Amino acid sequence: MHPPLRPHPLWCSLRPATLALLLGVFGCRTSVPAPRPAAEPFTSITEDLRIQPLAPGVWRLVALSGEEWGHIPANGLVIAEGGGVLLVDPGWTEAQGERLLQWVEDTLKVPVHAGVATHFHADRTGGLRALQARGIPTHALALTAALTSQQDRPAPTHLFPGPAQQLGPVELFFPGPGHAPDNITVWHAASGILFGGCMVKDLKASSLGNLSDADLASWPRSVESLQARYPAARTVIPGHGEPGDTSLLAHTLELLRAGSR
């Protein structure tokens, strides 16, 4: 821990306007702020699949795409509660989904009760086949099922019409179109974790990414719906990139507004 910082006598000799400028640039505190807690380390399941603890019973999954997609990392969730596990966006491929199921079996030693796909793209639905091969229910919007059937991707087996549905420890919510016409979010109230999926951008994002199925007119209203519904969110997880707090929602809105100018 650093010792407290005390203002140097030089500050007292500066003109008010100069002092205000310097304070704006360098800041003036009598103590050093406490550092943010370091993120928990990752565990590698395979070279293209990693897991990171976020909260008791909640892990962030990071699955790496194959060469055909440019080795893009995509986020998912593993939630263990009530003697079972819920998987959210369980990988790009059936093989990744199968390895994730094996990790749950070997490490958590509880059954997977359900899976969720947050929209119809491959980074969300690719791993569903592994769950379905074991007879595990997979949940998504009815629209997601319709769109996956057009793309030769595994369709979810349990559909809900929206806008919201409770599924075990989480709430599934359809705030409206955005990155995709069917993007939903997953809210885990016990930990304050909001999985925003690809409709939410990480703080390092300087663009909105893939817009091939985006609804740019509706996207801002959809993000505002998340802000209004989940003001207590402590951790927000984007579809790609690092988690953060609700500033990710504000940043996504900034990108959308910049793109509309």
Side-chain angles (χ1 to χ4, degrees), residues 40 42-46 48-63 74-120 123-142 144-145 148 153-174 182-197 229-230 232-237 239 243:
E40 292 285 341
F42 279 96
T43 296
S44 292
I45 301 174
T46 61
D48 60 354
L49 209 58
R50 298 187 298 161
I51 202 93
Q52 178 189 36
L54 293 179
V58 184
W59 294 261
R60 171 191 174 200
L61 170 72
V62 179
N75 292 324
L77 275 186
V78 177
I79 301 171
E81 189 169 309
V85 167
L86 172 70
L87 301 179
V88 178
D89 295 343
W92 291 80
T93 65
E94 182 176 2
Q96 287 182 337
E98 182 57 44
R99 289 192 289 267
L100 179 59
L101 289 170
Q102 191 64 50
W103 179 84
V104 171
E105 182 178 315
D106 294 343
T107 306
L108 304 184
K109 302 185 185 306
V110 291
V112 174
H113 284 169
V116 172
T118 57
H119 65 275
F120 76 99
D123 53 343
R124 310 295 139 189
T125 59
L128 294 186
R129 278 200 177 93
L131 279 65
Q132 292 169 355
R134 297 193 182 193
I136 298 169
T138 52
H139 299 256
L141 277 181
T144 302
T148 52
R153 292 176 186 148
T157 57
H158 289 58
L159 312 179
F160 76 102
Q165 175 177 295
Q166 195 69 27
L167 179 62
V170 303
E171 179 183 73
L172 309 181
F173 178 56
F174 175 56
D182 60 326
N183 45 212
I184 65 172
T185 60
V186 180
W187 167 242
H188 187 250
S191 64
I193 291 174
L194 174 62
F195 186 84
R229 192 174 184 89
Y230 304 114
R234 294 192 292 272
T235 302
V236 178
I237 303 176

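Since the structure is predicted, the reported quantities are computational estimates derived from the model, not experimental observations. Residue numbers run from 1 in the order of the sequence given.
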Scan the side chains in residues 81-89 for donor-acceptor partners under 3.5 Å anywhere in the protein, sequence neighbours excluded, and list what turns up.
residue : atom : partner : partner atom : Å
Glu81   : OE1  : His188  : NE2          : 3.4
Asp89   : OD1  : Thr118  : N            : 2.9
Asp89   : OD1  : Thr118  : OG1          : 3.3
Asp89   : OD2  : Thr118  : OG1          : 2.7
Asp89   : OD2  : Arg124  : NH1          : 2.8

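Note that CD of Gln102 is 9.0 Å distant from OG1 of Thr107, once rounded to the nearest 0.5 Å. For the atom pair Leu167 CG and Leu172 CG, the distance stands at 5.0 Å (nearest 0.5 Å). The distance from atom CZ of Arg129 to atom CZ of Arg153, rounded to the nearest 0.5 Å, is 10.0 Å. With rounding to the nearest 0.5 Å, the separation of CD1 in Ile193 from OG1 in Thr235 is 5.0 Å. Within the model, atoms OG1 of Thr185 and CZ of Phe174 stand 10.5 Å from one another, a figure rounded to the nearest 0.5 Å. Of the inter-residue distances, the one linking Leu141 atom CG with Phe160 atom CZ reads 4.5 Å to the nearest 0.5 angstrom.
Contact of the Leu100 side chain with the Val112 side chain is not registered, since no non-hydrogen atoms from C-beta on lie closer than 4.5 Å. Between Val116 and Val170, every side-chain heavy-atom pair lies at or beyond the 4.5 Å cut-off. Using a 4.5 Å heavy-atom threshold, the side chains of Ile184 and Phe173 count as separate. Between Leu54 and Ser191 there is no side-chain heavy-atom pair separated by less than 4.5 Å. The shortest side-chain heavy-atom distance between Glu94 and Gln132 does not fall under the 4.5 Å cut-off. Looking only at side-chain heavy atoms (C-beta outward), Gln165 and His158 stay at 4.5 Å or farther from each other.
The shortest heavy-atom contact between Ala80 and Trp59 is CB-CZ3, 3.9 Å. Minimum interatomic distance between Pro154 and Thr125 (heavy atoms only, all atoms of both residues): CG-O, 3.1 Å. Nearest heavy-atom pair, Ala63 versus Leu49, reported as atom, atom and distance to 0.1 Å: CB-CD1, 3.6 Å. Listed here is the closest heavy atom pair of Ala145 and Pro156: CA-CD, 3.9 Å. What you find for Leu128 and Ala117 is that their closest heavy atoms are CD1-CB, 3.9 Å. When all heavy atoms of Thr148 and Phe120 are compared, the closest pair comes out as CG2-CB, 3.7 Å.
Judged by distance alone, the side chain of Gln96 and the main-chain N or O of Thr46 form no donor-acceptor pair under 3.5 Å. With Thr138 contributing its side chain and Thr157 its backbone, the two residues share a donor-acceptor pair below 3.5 Å.
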Could you go step by step and tell me if Val78 and Leu108 meet the side-chain contact (heavy atoms from CB on, under 4.5 Å) rule?
CA-CA 11 Å; Val78 177; Leu108 304 184; 4.2 Å; yes
Could you walk me through whether Asn75 and Val62 pass side-chain contact (heavy atoms from CB on, under 4.5 Å), step by step?
CA-CA 5 Å; Asn75 292 324; Val62 179; 3.5 Å; yes
